[in-house]
Protein chains: 4
Amino acid sequence: MPGTRTSCANSSTVPLGCDGGRPATWRRTARGPPGSFRSSMNGKYCGAVMTQVIVLNGGSSSGKSGIVRCLQAVLPDPWLAFGVDTLVEAMPSSMIEITPGGEVNVGPEFRRLEAAWTEGIAAMARAGARVIIDEVFLGGPASQERWQKALGGLDVLWVGVRCDSEVAAGREVARGDRVTGMAALQAEAVHQGIFYDLEVDTTHAESMACARTIADRVT
Amino acid sequence: MPGTRTSCANSSTVPLGCDGGRPATWRRTARGPPGSFRSSMNGKYCGAVMTQVIVLNGGSSSGKSGIVRCLQAVLPDPWLAFGVDTLVEAMPSSMIEITPGGEVNVGPEFRRLEAAWTEGIAAMARAGARVIIDEVFLGGPASQERWQKALGGLDVLWVGVRCDSEVAAGREVARGDRVTGMAALQAEAVHQGIFYDLEVDTTHAESMACARTIADRVT
Amino acid sequence: MPGTRTSCANSSTVPLGCDGGRPATWRRTARGPPGSFRSSMNGKYCGAVMTQVIVLNGGSSSGKSGIVRCLQAVLPDPWLAFGVDTLVEAMPSSMIEITPGGEVNVGPEFRRLEAAWTEGIAAMARAGARVIIDEVFLGGPASQERWQKALGGLDVLWVGVRCDSEVAAGREVARGDRVTGMAALQAEAVHQGIFYDLEVDTTHAESMACARTIADRVT
Amino acid sequence: MPGTRTSCANSSTVPLGCDGGRPATWRRTARGPPGSFRSSMNGKYCGAVMTQVIVLNGGSSSGKSGIVRCLQAVLPDPWLAFGVDTLVEAMPSSMIEITPGGEVNVGPEFRRLEAAWTEGIAAMARAGARVIIDEVFLGGPASQERWQKALGGLDVLWVGVRCDSEVAAGREVARGDRVTGMAALQAEAVHQGIFYDLEVDTTHAESMACARTIADRVT
């Protein structure tokens with residue numbers, strides 16, 4: 001089962017063989033919120049896993065980018081951070097359409113390139129880079145499944161970044177560089193049917209505080 | 001006394017002769033928070049004033065820019081927004097030095113151009129544009145006096161934008177485009193000896209909420 | 001007549017009293033291309049003029065911004081640079097409409113704020129800042145007249161920045177941040193009926209070379 | 001002759017089965033300059049190859065980014081474009097040091113992440129995305145070898161983007177967002193010992209013209 005994290009009775013007896021010289025922090029028995037799941041063990045030995053990928057999913061203006069930069073600052077290892085914005089920037093300008101109301105429309109060519117991009121990011125993680133992915137699961141569970149499949153065999157921490165719809169809409173105005181309406185449209189929709197190891201809510205918490213919460217779960 | 005706002009017993013009997021055709025909104029009897037001051041009447045008739053300039057002062061990463069964009073969105077009239085960043089961008093690249101620790105150093109040439117800039121912004125307001133100024137009073141009361149002198153005769157709303165130093169430092173990391181250390185250095189310093197009509201604090205309040213608070217004081 | 005530059009028989013006997021300590025360079029007998037004009041003397045004494053404002057007019061992607069930055073680098077004094085982009089950024093986001101084809105539409109509110117902006121920039125120059133203005137005269141001669149009127153009494157160098165329409169269209173694609181079509185629409189149109197002291201053409205000349213040509217005409 | 005691609009007597013009789021299905025293509029007998037390597041044939045039959053990756057190498061301000069955007073506009077298929085700037089942005093802010101003189105210094109951690117990045121980009125190309133890579137071979141032939149190794153088995157078009165050192169230095173000033181000195185330092189150095197299939201020179205040619213030259217060589 002993709003993403004299932006088996007528990008391990010005797011994990012404390014197993015040596016941790018991570019590169020980078022990070023202090024050995026034993027895996028907490030991750031328990032997500034009701035309805036969430038537990039990720040798969042990817043280490044050779046039970047307990048010896050190291051988080052290789054962090055996937056953040058949340059709507060526009062929910063504060064993901066700020067959390068990503070804070071994560072890069074507080075995590076002891078250097079992590080590469082990519083997002084759907086990186087992909088869109090890498091594409092020719094005509095591949096994505098945003099309606100005046102904030103709806104995002106993409107065609108089959110977008111999906112084809114996105115699939116290759118997803119494979120490539122997974123390959124970076126397999127080649128030894130620790131990777132943070134900043135995503136907006138506009139396609140719902142199908143979006144998560146695409147990443148799950150591509151990241152198969154890697155230890156992934158799935159994080160939901162929530163933000164109250166009205167607050168996100170206000171931040172959209174404050175940022176001034178987003179199409180108005182996108183935040184409200186996505187605030188709830190992108191979390192429908194998605195499972196997480198961990199959820200943070202930026203409605204009342206700072207990016208840095210959310211980043212520390214996530215970092216505590218990185219092994 | 002600079003910036004003192006005299007009260008007016010019979011303001012309700014005075015006609016408002018503003019340009020721009022805005023509906024006549026009578027001046028609230030502005031009462032700032034304890035310790036604040038009351039600004040000078042600048043209208044020809046007591047009570048007939050219309051806010052012509054809003055000056056926001058706060059440290060780096062205190063959230064001024066977000067408040068400015070929200071103000072522009074919620075205020076019924078169109079307002080022009082300028083800030084010290086606009087001035088720095090208008091200058092040759094060599095006119096300002098930011099140390100690795102976040103200190104900002106400027107020379108006499110900067111001050112000379114800044115003085116002309118200040119005059120020009122005041123002239124825009126006198127020519128009928130309503131103007132929001134996003135400032136960092138690094139020079140303390142002397143910085144405010146420069147603006148006061150330039151804005152003489154205009155109805156100005158002085159707003160302090162506060163943010164807890166640690167929170168501002170976290171947001172500086174989350175933004176990723178500022179020199180680390182600037183937020184903490186400026187958080188308290190820029191408010192020393194400055195008087196305000198109104199203060200907002202972004203530590204626990206959203207930009208939009210702060211903007212609404214300020215907009216309620218705009219006449 | 002605004003912008004007329006009167007000749008002066010005995011200019012060499014007149015002392016130059018400029019601020020900034022720039023070496024006294026005597027005014028060349030400016031002769032524009034056929035059909036151009038000669039700007040007004042603004043100094044107290046004939047010949048004692050110092051260029052106070054440089055206005056660059058040209059279409060989108062003609063290379064004005066690059067020339068401006070080079071001018072700021074090669075001119076010995078620090079000059080402030082502003083453009084129509086500065087004004088648009090200062091406005092609420094809803095004040096300008098760009099059609100998918102690249103046409104720019106503005107309403108009466110835009111014009112009202114623009115008029116105040118124009119007054120303010122002129123005031124900066126009168127307060128002693130030397131100012132470069134990067135403009136697109138979409139309104140033709142009426143656009144130039146607005147600036148002429150506002151800049152009355154100041155010594156202005158009017159510069160046309162030309163670029164072959166097809167080359168500008170190619171650069172628009174290369175920049176990737178402009179609406180396609182704007183460059184071609186504006187390339188010729190913005191020069192119709194405009195007079196210049198000097199014209200440069202970026203079709204075959206680098207920004208730096210154009211800047212040096214302009215700087216040679218600054219007194 | 002550097003980078004010349006040998007012609008193929010009977011290529012015209014061979015059906016080309018390009019885009020969409022990506023048929024396995026045989027290694028082409030390319031002969032680079034002495035000491036260079038031979039690119040992979042990807043077509044089953046001589047002439048049936050499809051370019052999968054375009055690598056552009058050139059110094060800072062040589063005009064690579066503009067060429068990339070023009071390539072994306074003129075090539076009939078959608079291509080993903082990535083560059084060393086994408087990698088630097090994906091890293092924590094502390095991973096690269098640029099001296100005031102324009103020298104770029106990176107440490108072993110940078111190299112480790114770069115290696116994983118390189119693998120990932122190659123994986124995207126193998127997964128079916130056509131990819132343009134915008135690079136600065138600061139490490140000389142070793143930089144090219146890293147990409148060669150990662151891109152093994154893919155049909156790559158190696159393009160040198162040259163620009164006269166003084167012209168590039170002028171463009172660096174015109175852009176205004178680069179450390180002065182970088183363009184001159186890199187203009188010649190990044191081409192030492194590198195082999196190309198094709199070279200373009202932006203000193204006198206527009207980005208669009210260079211892009212068309214390159215596009216003509218894309219199969």
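Per chain, numbering begins at 1; letters A, B, ... match sequence-line order.
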Looking at D:Ala209, D:Cys70, D:Ser207, which has the largest count of heavy-atom pairs under 4.5 Å with chain C? D:Cys70

Between C:His191 and C:Tyr196, does the ring centre distance come in under 6.0 Å? yes

With chain C, the option among D:Arg171, D:Gln72, D:His204 that has the most non-hydrogen atom pairs under 4.5 Å is D:Arg171

Greatest number of heavy atom pairs closer than 4.5 Å to chain D - which of C:Glu206, C:Arg69, C:Met208: C:Arg69

With under 30° as parallel and over 60° as perpendicular, where do the rings of D:Trp117 and D:Phe82 fit, or are they tilted in between? perpendicular

Check whether more than 12 heavy atoms from other residues, nucleotides or ligands sit under 6.0 Å from atom CD of C:Glu97, and answer yes or no. yes

Check: D:Gln52 side chain, D:Arg130 main-chain N or O, donor-acceptor pair, under 3.5 Å: no

